[in-house]
Number of protein chains: 2
Amino acid sequence: MQSFTEENYLKIIYHLAEKTGNVQTNAIAEQMQTKPASVTDMIKKLAEKGFVDYIKYQGVTLTEKGKNAAIEIVRKHRLWEVFLVDKLNFKWDEVHDVAEELEHIKSTALIERLDEFLGFPKSDPHGDPIPDKNGRFAITQFIKLIDLKVGDQGTITGVSQHSSAFLKHLEKLGLTLGKQIEISDVTDFDGSVEILIAGKQINISREVAKHILTSSNGKN
Amino acid sequence: MQSFTEENYLKIIYHLAEKTGNVQTNAIAEQMQTKPASVTDMIKKLAEKGFVDYIKYQGVTLTEKGKNAAIEIVRKHRLWEVFLVDKLNFKWDEVHDVAEELEHIKSTALIERLDEFLGFPKSDPHGDPIPDKNGRFAITQFIKLIDLKVGDQGTITGVSQHSSAFLKHLEKLGLTLGKQIEISDVTDFDGSVEILIAGKQINISREVAKHILTSSNGKN
DNA sequence: AATTATTTTTAGATTTACCTAAAAATATAA
DNA sequence: TTATATTTTTAGGTAAATCTAAAAATAATT
């Protein structure tokens with residue numbers, strides 16, 4: 001199949017493409033922590049192998065083949081994260097780097113058995129959906145906490161930021177997956193949000209609220 | 001630390017050194033499935049990094065540092081094998097290749113937690129000892145089945161051959177780890193061994209008997 | 001001891017993924 | 001629309017791990 005590096009490129013292109021449509025050379029370079037010139041080289045190789053469509057100076061888009069390969073890597077990454085948290089008692093802010101290595105282990109049997117061992121989880125420790133072995137995602141409806149209105153209730157089901165600092169901060173505030181919350185106030189001045197969680201009132205910055213994902217239970 | 005390739009060299013040198021003292025270039029090349037010229041290159045690098053002592057045309061020996069690194073890799077390999085068999089229901093003949101990849105994942109925390117998760121196993125699915133996190137092996141006393149005398153009883157505790165074909169053969173004969181056996185006869189003609197296992201009489205070739213390791217319970 | 005065979009090393013190339021520096025294309029602003 | 005800025009690509013080079021072919025050292029044989 002592909003080398004570690006190729007797999008990393010595919011994964012990053014996939015994630016970048018989720019937001020925008022086609023993906024710029026510089027954006028890839030930034031994510032890969034490498035130089036644009038190196039990205040051009042690799043893009044050509046991936047295009048030759050049929051993983052991306054590439055028009056000079058226009059960036060790339062994943063082909064069907066490329067998308068499938070990328071989804072497989074995402075699947076592995078997220079399953080390993082579940083393993084680390086559920087079985088080895090890692091914290092949700094400790095798993096990323098190790099999963100980044102584990103995702104490259106090449107064995108279909110391994111991943112299928114791991115999936116089964118973990119009970120076919122639908123999402124990883126950050127709430128991100130885990131595609132099944134056919135590459136299909138369960139449809140998940142996230143509402144950003146920042147978009148909830150005063151009085152709305154919801155459950156924390158994910159985060160859109162995976163930095164250790166952010167996750168540790170949430171942990172300290174008790175804002176972990178599955179927790180029930182209610183919006184009690186939104187501050188005009190700085191847009192910070194007052195929320196009710198486990199009977200307590202806490203205040204979180206707008207920046208934090210932007211990266212918490214919820215499934216809303218509607219108005220109180 | 002080291003690259004995958006360097007780690008594989010260290011591991012192979014370690015295993016070769018277990019038998020002989022210092023290790024020949026050609027022997028390494030054979031194990032690594034590469035050419036002697038490539039081995040010479042790598043040996044120089046490992047020597048420069050202080051993993052091996054090297055005298056031109058005289059082969060190599062592992063330094064303390066090299067030995068520790070090698071043992072760490074062996075530890076990882078064997079722990080992952082236990083994981084695959086105990087938790088993911090792999091057969092003992094299916095685990096080698098996957099463990100070969102998993103052993104290179106770089107995370108001390110991962111291995112320590114995995115060790116704990118598995119209940120600090122002392123040996124892998126083939127009976128090979130697993131060094132603890134300080135690199136220490138539990139002392140294990142193996143007697144080759146071929147060296148047992150008629151009337152001797154023993155427990156199968158390991159194998160000295162890891163090929164899938166051999167392991168599948170043992171599986172079919174019911175000769176798996178932990179099984180009690182008794183030597184009932186040794187054929188003069190071809191040296192094949194008659195053994196009593198689970199009340200049944202079976203015959204195994206000399207070649208097979210050489211690669212089964214037992215802990216003898218002494219004479220019947 | 002001289003010859004032959006084997007093992008090991010050197011020399012010079014190749015491939016992968018990366019780099020820098022400069023050129024080319026595209027986008028933005030005056 | 002010309003000038004400026006940004007993005008992307010090309011050209012040429014490096015380091016890691018490999019290779020082949022040939023040379024050098026060591027071992028085995030006659």
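Per chain, numbering begins at 1; letters A, B, ... match sequence-line order.
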Rounded distance (Å) that lies between atom [atom2] of [N] and atom [atom1] of [X]:
X	N	atom1	atom2	result
E48(A)	dT16(C)	CD	C1'	13 Å
E30(B)	dT6(C)	CD	P	15 Å
I28(B)	dT9(C)	CD1	C1'	14 Å
Q58(A)	dA27(C)	CD	P	6 Å
K44(A)	dT16(C)	NZ	P	15 Å
Y57(A)	dA25(C)	OH	C1'	5 Å
N8(B)	dA16(D)	CG	C1'	15 Å
M42(B)	dT9(C)	CE	P	14 Å

Next item on the list: Measure the shortest side-chain to side-chain distance between V193(A) and D185(A) over non-hydrogen atoms and say whether it is less than 4.5 angstrom.
Entry: no

Reckon [X] touches a base, only the sugar-phosphate, or nothing at all at heavy-atom distances under 4.0 Å?
X	value
T5(B)	sugar-phosphate
S38(B)	base
T34(A)	sugar-phosphate
F4(B)	nothing

Checklist line | Toward the 5' end of DNA chain C, by each residue's nearest nucleotide, K56(A) or P36(A) | finding: P36(A)

Notebook entry, point to check: Closest nucleotide of DNA chain C for I43(B) versus for Q33(A): which of these residues is on the 5' side?
Noted result: I43(B)

Any [X] side-chain N or O less than 4.0 Å from OP1/OP2 of [N]:
X	N	result
Y54(A)	dT9(D)	yes
N26(B)	dT6(C)	no
Q24(A)	dT7(D)	no
K35(A)	dC18(C)	no
T25(B)	dT9(C)	yes

Check: How is the base pairing of DNA chain D summarised as a dot-bracket string, given the Watson-Crick and G-U wobble criteria with both distances under 3.5 Å, [ ] for crossing and | for another strand?
Finding: ||||||||||||||||||||||||||||||

Spell out, as yes or no, whether a donor-acceptor pair under 3.5 Å connects the side chain of [X] to the backbone of [Y].
X	Y	answer
E171(B)	T176(B)	no
T214(B)	I156(B)	no
K106(A)	H104(A)	yes

Item checked: Derivation of the salt bridge (charged side-chain N to carboxylate O under 4.0 Å, His left out) call for K11(A) and E6(A) -> CA-CA 9 Å; K11(A) 189 183 57 172; E6(A) 287 172 320; over 6 Å; no

Check: Is it true that H162(A) and H126(A) have ring centroids separated by less than 6.0 Å?
Finding: yes

Note to self: Side chains of Q161(B) and H211(B) only: does a donor on one sit below 3.5 Å from an acceptor on the other?
What the structure shows: no

Next item on the list: Compute both the distance and the angle, then confirm whether K87(B) meets the cation-pi test with F117(B): under 6.0 Å from the six-membered ring centre, within 45 degrees of the axis.
Entry: yes

